[in-house]
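Written out below as structure tokens is the structure these notes cover.
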Amino acid sequence: MENTLFIYNSLTRKKEKFNPITPGHVGLYVCGPTVYGDAHLGHARPAITFDLLYRYLLHLGFKVRYVRNITDVGHLENDADEGEDKILKRARIESLEPMEIVQYYTNSYHHNMRQLNTLDPGIEPLASGHIIEQQLFIDRILKSGYAYEVNGSVYFDVKKYDKKYNYGKLSGRKLDDLISNTRDLEGQGEKKNPFDFALWKKATSGHIMHWPSKWSEGYPGWHLECSTMSTKYLGEEFDIHGGGLDLLFPHHECEIAQSTAANGKGAVHYWMHNNMITLNGQKMGKSLGNAVTLNDFFAGTHPLLEKAYSPMTVRFFILQAHYRSTLDFSNQALQASEKGLERLLNGVDDIEKIRPSGKTSIDLTSFEKKLYEAMNDDMNSPVMISHLFEGVKTIRQIIAGKETINQADLERLHGLYHAFVFDILGLQKIEKEGKQKDLSSDLIDTILNIRLKAKENKDFSTSDLIRDSLNKLGIEIKDKKDGFEWEVK
RNA sequence: GGUCGGUUGGCCGAGUGGCUAGGCAGCGGUCUGCAAAACCGCGUACGGCGGUUCGAAUCCGCCACCGACCUCCA
């Protein structure tokens, strides 16, 4: 199939036809989590959004190098020279080594992401594992003249950069506006300008996570790891960079500035940003204190949750909205997704029930075209899903004999559903393992309750039949005064 | 305050100058011993006020409200 994938590029604010730098190959970089707490619903959104992209690119036949970082260097809680870093703070609260915190929450993140059936990135680099590369990157920026050293720290000279390049081209900001709007923050003394950002920061005495450098014992700046690691693994120019919309400014703006200062050009061809999950119309965020963790969702252990929601329900819920729209969380919406998902998956199962006939009365070519058109239009998963639902209706009509399909087309239909539902949307059949475990014992209880009823009615032939039948299956029944007990021998 | 975005039926959520998005819930019917499932049918929604147009929810203007970013955040 001809590739006509269009992607909305945050940089140009337009949908653009996707043309990779190297035909057939895609370099994809996505901003991963800072591992200082359990992943919440907000983390699931970019993970699933870019998993969908990854899966779709693979489906289209691209060879994709997918890189997603883990931020394990603690960054300060605010843009002041003072302040504690998040990982350090967490380590202090839990009385653990910073690296124990990092390891614990990295494992937890991986576990949650696998529950959501996201494919693992090909490379998952750690910021702490690329300190030398980050220092070399700073050297290049210093050499080009867009950074300056003060007291062992190195800062990016935004004003100087803006004179030659345009600082703010991604976020649509103008430096003049930034100057007048920058808040007064403590400890900005070292910087030439308040909007300058750190490339290397000298560690204060209480700061445990630090590394030697020619400037000072310190640690890399907040935005540097992504520029450095994307360059290392994907090159000075690569195709797609993704992340949450909240990272657009300043994080991604600074990445562009760093790359441009170091290499004379912005590294990224297509910037993609997923929108936020909202709760009662407000962004769900760790710092806002309204984030519901994924573990809470899967276990149903949060006051806001009426029940537990399976990872697939959460995944489907997210895929039913377009990634650039905000998505409002509510129990009602989750439950609608849960039922919708069941309906869709039942529909896929029902394909097996179809008996082919000699002729095909439905338009499979048009169906297939609609699916690809929706995905090619900036990954419009909700529209694609709506077509799949329409298709389920058609499947039922074939089973009911109102439409017909021949053997070859049945295989095609089967193939389309498997490709789009399982390979591209990444949905899985709902695991009923937990239910099944309890099912057999519940079944025996049910049968024995029927036997009790029969005994009450003095229908002893039925009650004996039940007892003898169960005995044959190795189940011993012990009648009690007020009921029964049973045991598997 | 600056920049950007949004406001769609009971809920969620697409879309877009004229042609049924879809899901969930609801209502009526078929089926059924009852129920469930399945199937058929139903709602005529696009924040307000103007304007452009043969025709606007869709384009333009104004207003209202909500949100995001401007500080770490997915």
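Please read all numbers here as calculations on a predicted model, not as lab measurements.
Among B:rA14, B:rC70, B:rG13, the nucleotide with an atom closest to any side-chain atom of A:F249 is B:rC70. Checking B:rG13, B:rC11, B:rC39 against the side-chain heavy atoms of A:S330 singles out B:rC11 as nearest. Of the listed nucleotides (B:rC4, B:rA74, B:rA14), B:rA74 has the atom at the smallest distance from the side chain of A:K286. For A:N274, the side-chain atoms get nearest to B:rA74 when compared with the rest of B:rC70, B:rC4, B:rA74. Side-chain proximity of A:K339 to B:rC73, B:rG13, B:rA25: nearest is B:rA25. The side chain of A:A333 lies closest to B:rC12 when the candidates are B:rC40, B:rG22, B:rC12. For A:D246, whose side chain is taken as the heavy atoms from C-beta onward, the closest listed nucleotide among B:rC39, B:rC70, B:rC73 is B:rC73. In the set B:rA14, B:rA38, B:rA74, B:rA14 carries the atom at the smallest distance from any side-chain atom of A:S325. Of the candidate nucleotides B:rG23, B:rG2, B:rA68, B:rG2 has the atom lying nearest to any side-chain atom of A:R173. Among the nucleotides B:rC39, B:rA14, B:rA21, the one closest to any side-chain atom of A:K402 is B:rC39.
Between B:rU53 and B:rU71, the two C1' atoms lie 48 Å apart (nearest whole Å). Comparing B:rC49 with B:rC65, their C1' atoms are spaced 15 Å from each other, to the whole Å. For the C1' atoms, the distance from B:rA56 to B:rU52 is 10 Å, rounded to whole Å. Of the C1' atoms belonging to B:rA21 and B:rG29, the separation is 25 Å, rounded to the nearest Å. Rounded to whole Å, the C1' atom of B:rC11 lies 11 Å from the corresponding atom of B:rG26.
Rounded to an integer number of Å, the gap from A:Y323 OH to B:rA14 P is 12 Å. Between the P atom of B:rA21 and the NZ atom of A:K370 lies a distance of 13 Å, rounded to the nearest Å. Atoms CD1 (A:I318) and P (B:rC12) sit 17 Å apart, rounded to a whole Å. Rounded to whole Å, atom C1' of B:rC73 lies 15 Å from atom CG of A:D85.
Two rings, from A:F195 and A:Y155, have their centers 6.0 Å or more apart. For A:H223 and A:F197, the ring centers sit closer than 6.0 Å to each other. The ring of A:H59 has its center closer than 6.0 angstrom to the ring center of A:Y372. In this structure, the ring of A:H269 has its center no less than 6.0 angstrom from the ring center of A:H241.
B:rU7: Watson-Crick or G-U partner is B:rA64, with both key distances under 3.5 Å. Taking a pair to require two hydrogen-bonding distances under 3.5 Å in either a Watson-Crick or a G-U wobble arrangement, B:rC31 remains unpaired. The partner of B:rC42 is B:rG26, judged by Watson-Crick or G-U wobble contacts that both fall below 3.5 Å. Base pairing of B:rA14: no nucleotide in any strand meets the Watson-Crick or G-U wobble criterion (both distances under 3.5 Å). Under the Watson-Crick and G-U wobble criteria, each requiring two contacts below 3.5 Å, nucleotide B:rC69 is paired to B:rG2. Judged by Watson-Crick or G-U wobble contacts below 3.5 Å, the nucleotide B:rG55 has no partner.
Within 4.0 Å (heavy atoms only), A:L247 reaches sugar-phosphate atoms of the nucleic acid but no base atom. Contact annotation for A:K283: base contact, defined as any heavy-atom pair under 4.0 Å involving a base atom.
Not one side-chain nitrogen or oxygen of A:Q335 sits closer than 4.0 Å to the OP1 or OP2 atom of B:rG23. Residue A:N275 has no polar side-chain atom (N or O) positioned under 4.0 Å from OP1 or OP2 of B:rA68. A:R343 has a side-chain polar atom (N or O) that falls below the 4.0 Å cut-off from OP1 or OP2 of B:rG23.
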Pairs of donor and acceptor atoms involving the side chains of residues 377-386 of chain A, under 3.5 Å and at least two apart or interchain, shall be tabulated with distances.
residue : atom : partner : partner atom : Å
A:D377  : OD1  : A:K15   : NZ           : 2.8
A:D378  : OD1  : A:Y8    : N            : 3.0
A:D378  : OD1  : A:Y323  : OH           : 2.5
A:D378  : OD2  : A:Y323  : OH           : 3.3
A:D378  : OD2  : A:R324  : NE           : 2.8
A:D378  : OD2  : A:R324  : NH2          : 2.8
A:N380  : OD1  : A:V383  : N            : 3.3
A:S381  : OG   : A:L319  : O            : 2.7
A:S386  : OG   : A:V383  : O            : 2.7

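Stacking of A:K286 on the aromatic ring of A:Y36 is recorded, both the 6.0 Å distance cut-off and the 45° axial limit being met.
Each of A:G340 and A:H251 was matched to the nucleotide of RNA chain B holding its nearest heavy atom; the match closer to the 5' end belongs to A:G340.
Using cut-offs of 30° and 60° for the angle between ring planes, the A:Y233 and A:H130 rings count as perpendicular.
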